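These notes concern the structure reproduced below.
Predicted, not measured: the structure shown is a model, and the values here were computed from it.
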Protein chains: 2
Amino acid sequence: MSAKAPTVYDVAEHAGVSIATVSRVLRRPGDVREATRERVLASVRTLGYVPSASARGLAARRTGVVGLFFPDFDAMRETTSFVPDRSGSVPVVADPPREDGSPGSDLLYFDEVLRGAEIEAWRNGFVLLVGVGRGSDSESIVSDIAGRVDGLAVLAGSVPDEMLEHIARRIPVVLIAGPRRDDEFDHVSVDNRAGMRALVEHVFAVREADGMLYIRGNIETPDDIERFEGFQDAIAAHPAETRPGVSVVAAEFSRDRARDVATSLVASGHIPDAIVCANDQMALGVLDALQAHGVAVPGRVLVAGFDGIDAGRHSAPRLTTVRQPMEDLGRAAVHVLSRRLGDPSQPPVTLRLPVRVLVRESTSP
Amino acid sequence: MSAKAPTVYDVAEHAGVSIATVSRVLRRPGDVREATRERVLASVRTLGYVPSASARGLAARRTGVVGLFFPDFDAMRETTSFVPDRSGSVPVVADPPREDGSPGSDLLYFDEVLRGAEIEAWRNGFVLLVGVGRGSDSESIVSDIAGRVDGLAVLAGSVPDEMLEHIARRIPVVLIAGPRRDDEFDHVSVDNRAGMRALVEHVFAVREADGMLYIRGNIETPDDIERFEGFQDAIAAHPAETRPGVSVVAAEFSRDRARDVATSLVASGHIPDAIVCANDQMALGVLDALQAHGVAVPGRVLVAGFDGIDAGRHSAPRLTTVRQPMEDLGRAAVHVLSRRLGDPSQPPVTLRLPVRVLVRESTSP
DNA sequence: AGGCGGGATGTATGCGCATACAGTGGAGGA
DNA sequence: TCCTCCACTGTATGCGCATACATCCCGCCT
């Protein structure tokens with residue numbers, strides 16, 4: 001690293017032109033005569049000139065960056081200070097099979113959204129700035145990020161409304177995965193309701209379930225509410241004469257909690273013919289319990305989840321689920337941002353992405 | 001979005017102070033009397049003021065951003081333009097088990113590095129800027145990113161050396177996962193050599209393999225070279241009187257290619273007692289072939305890979321491997337950057353992260 | 001009462017670039 | 001030959017903020 005980074009002035013002097021010409025060579029090369037352009041580019045190379053995005057952003061009033069903000073996930077809170085661990089010996093450790101879900105599977109959710117956002121940003125000529133909330137500092141972080149981008153995508157619920165409105169005065173904001181409310185923001189989300197309805201109808205189609213258990217998640221969350229509505233839709237649409245008995249419990253989206261529910265169900269002897277869960281983790285917990293007690297899936301009970309997490313592809317039996325297009329969520333968010341940046345006046349947009357029911361062995365006939 | 005975002009001047013006027021005071025309230029609140037501070041903060045809230053990072057970055061000569069640059073991965077090249085697909089019907093599709101690795105598994109590699117980088121950036125008070133190369137435009141993109149960050153982490157090999165040196169004149173650069181060469185950059189990488197040596201020694205410890213096959217990857221890459229050296233180390237360290245016969249082939253890190261290799265091996269009748277592969281994908285290909293021909297693993301042949309990809313935890317038998325700490329790579333990269341930003345004069349650092357041999361059923365005694 | 005020190009605030013400047021506007025020179029037309 | 005027009009380049013300014021330095025206002029000491 002040299003003492004001081006070269007600026008337009010240095011390049012201009014070196015090339016014997018004015019700074020305006022240097023700037024033009026970089027921004028609108030067609031406006032400069034070829035000979036001059038070459039001379040300037042040569043100087044750029046010689047001096048190792050890299051334009052300052054801060055100065056450019058200030059002068060041009062746009063940064064070319066879009067932001068993506070997540071709430072802090074568990075993995076971050078746990079992390080200790082990073083101590084570079086000089087290598088030397090290589091530990092050889094047994095790695096027994098784990099039955100419980102790998103930790104931080106919700107983290108994969110973010111990964112996919114992020115990947116989608118990155119892809120779409122890339123295609124639209126933006127770079128992506130990733131921010132993660134840290135608990136109470138969240139507000140200042142969001143604000144910080146908001147100051148450095150042309151548009152911001154935020155996971156719904158991770159930032160207080162007041163702050164969002166604050167930010168929206170400056171740049172466009174798009175909310176990811178929340179329900180549309182009466183606000184001015186753009187929204188992208190998945191069709192939880194239709195997805196769950198289709199899932200439940202699929203279960204009915206496979207077998208005329210005599211009794212069905214629906215396991216909700218955290219009943220406070222929009223996702224859970226929408227999925228539950230989808231469940232109710234399916235029940236309501238079912239011909240009355242064969243409508244099965246249904247019962248509903250909640251298990252906080254937790255595999256352990258769902259496992260407990262299923263275990264006590266088996267103990268009570270009242271085993272339903274089908275168990276549909278508001279997410280995959282809970283469905284896996286149900287599988288755990290049923291398997292532990294020798295209850296056949298799908299032979300005796302059909303089981304289905306929601307999300308399409310990877311673990312569901314590796315369970316035994318593999319889990320029927322509703323696959324959320326996480327990556328598309330990220331893409332859609334940036335897509336919408338990008339469009340709004342092009343035309344700030346358009347009315348708020350809501351994009352509801354389609355989901356797919358993935359039929360696997362846990363609901364085989 | 002209002003017509004115009006408020007600036008320090010607006011806030012200053014609204015609060016009846018000078019812009020210097022506004023700036024101080026935000027940057028060094030202790031320097032301002034409490035009453036004044038409160039008044040300014042109130043104005044900030046009412047006006048919806050968000051500081052411009054561009055202006056701040058320009059004035060303060062630092063941005064508070066660190067960059068992470070990846071080469072473009074396949075998933076990106078394939079992507080078509082994003083067309084928002086309005087939802088409606090929910091397709092119900094069968095999702096049969098796939099035996100081949102899920103596409104884009106190398107993409108997961110990036111995800112993990114990225115996650116680590118994000119975590120560490122977060123802990124050091126930076127935000128993370130993610131950039132992805134697009135083939136030939138790579139150079140301009142890297143340069144673009146370099147202009148907006150205080151430091152840059154780059155996947156080794158994804159950017160021409162000349163460009164790196166160009167950038168390094170302006171900001172610190174750390175290379176991820178490459179071998180240390182005679183350069184001025186900081187490096188972080190994993191201990192491929194020691195890892196492979198430990199893996200091979202583990203295989204010897206499990207069973208006195210009479211013949212061992214080592215399947216290399218793409219022999220041009222540093223990773224492959226280092227791992228092969230580790231393999232040779234293990235062989236050389238083996239007592240001469242019981243040193244097994246070894247053979248070596250290359251299969252381009254490809255599952256398919258490795259499957260072919262193993263298949264023809266079985267056909268030839270010369271089946272070694274152990275097969276060690278330079279990555280997991282190839283090891284999985286070997287498992288495919290052996291299983292297809294009824295050759296027992298680990299009963300007849302021991303198989304091991306390198307990387308610790310997820311698919312190796314779900315194969316049958318599960319795959320013994322060397323787990324690379326991808327996430328730590330990302331963390332280490334940002335850690336090193338952060339340290340150098342604090343003390344630019346320190347000599348180039350090389351961090352070689354330790355790996356772990358994960359012993360699973362594919363090398364059970 | 002005058003002077004002094006220091007905390008609180010204001011003034012002025014520059015960070016590096018984009019760009020509106022003003023030159024400059026040469027080709028072509030009258 | 002002189003004027004016009006166009007292509008190209010230079011000059012001057014402002015983007016929004018941080019900060020060195022100047023000022024001001026008090027309380028307090030002598």
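Nearest nucleotide to the A:I19 side chain, out of C:dT9, D:dG16, D:dA12: D:dA12. Distance from the side chain of B:R24 is smallest to C:dG10 among D:dT9, D:dC17, C:dG10. When each of C:dG16, D:dC17, D:dT11 is scored by its nearest atom to the side-chain atoms of A:T7, the top-ranked nucleotide is C:dG16. When the nucleotides D:dT9, C:dC17, D:dC17 are ranked by their closest atom to the side chain of A:V32, D:dT9 comes out on top. Counting only heavy atoms from C-beta on, B:T36 has its side chain closest to C:dT9 among C:dA18, D:dC17, C:dT9.
Within 6.0 Å of atom CD in A:Q346, more than 12 heavy atoms from other residues, nucleotides or ligands are found, so the atom counts as buried in its surroundings.
Atoms CZ (A:R39) and C1' (D:dC8) sit 12 Å apart, rounded to a whole Å. In this entry the distance linking CZ of B:R62 with C1' of D:dT19 reads 15 Å, nearest Å. Atom CD of B:E13 is separated from atom C1' of C:dG10 by 16 Å (rounded to the nearest Å). At whole-Å resolution of the value, CZ in A:R56 and P in D:dG16 are 18 Å apart. Distance, A:R33 CZ to C:dT24 P: 16 Å, rounded to whole Å. Note: CG (A:D31) to C1' (C:dA18) measures 13 Å, nearest angstrom. If you measure from atom CZ of A:R28 to atom P of D:dT9, you get 14 Å, rounded to the nearest angstrom. For the pair B:L58 CG and C:dG14 C1', the computed distance is 9 Å after rounding to whole Å.
Comparing B:A59 and A:A20 by the nucleotide of DNA chain D that holds the closest heavy atom to each, the one mapping nearer the 5' end is A:A20. Closest-nucleotide positions on DNA chain C for A:A53 and B:G30 were compared, and the one nearer the 5' end corresponds to B:G30.
Put simply, the side chain of B:Y9 and the base of D:dC15 share no donor and acceptor less than 3.5 Å apart. No donor-acceptor contact under 3.5 Å links the side chain of B:R61 to the base of C:dG16.
Phosphate contact (OP1/OP2 of D:dT19, side-chain N/O of B:S23, threshold under 4.0 Å): absent. B:T21 has a side-chain polar atom (N or O) that falls below the 4.0 Å cut-off from OP1 or OP2 of C:dG10.
Under a 4.0 Å N-O distance rule, the pair A:D343/A:R339 does not qualify as a salt bridge.
Residue contacts shown for A:V22 are absent, as no nucleic acid heavy atom lies under 4.0 Å away. Heavy atoms of B:S54 sit nowhere under 4.0 angstrom from any nucleic acid atom.
One N or O on the side chain of B:R170 and one on the backbone of A:V50 form a donor-acceptor pair closer than 3.5 Å. Counting only distance, with no hydrogens or angles, the side chain of A:H166 and the backbone of B:Y49 share a donor-acceptor pair below 3.5 Å.
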Quiz prompt | Full working for side-chain contact (heavy atoms from CB on, under 4.5 Å) between A:L68 and A:I176 | solution = CA-CA 10 Å; A:L68 182 60; A:I176 299 177; 3.8 Å; yes
Quiz item: Yes or no on side-chain contact (heavy atoms from CB on, under 4.5 Å) for A:S18 and A:T21, after CA distance, side-chain angles and deciding distance?
Solution: CA-CA 5 Å; A:S18 73; A:T21 297; 3.6 Å; yes
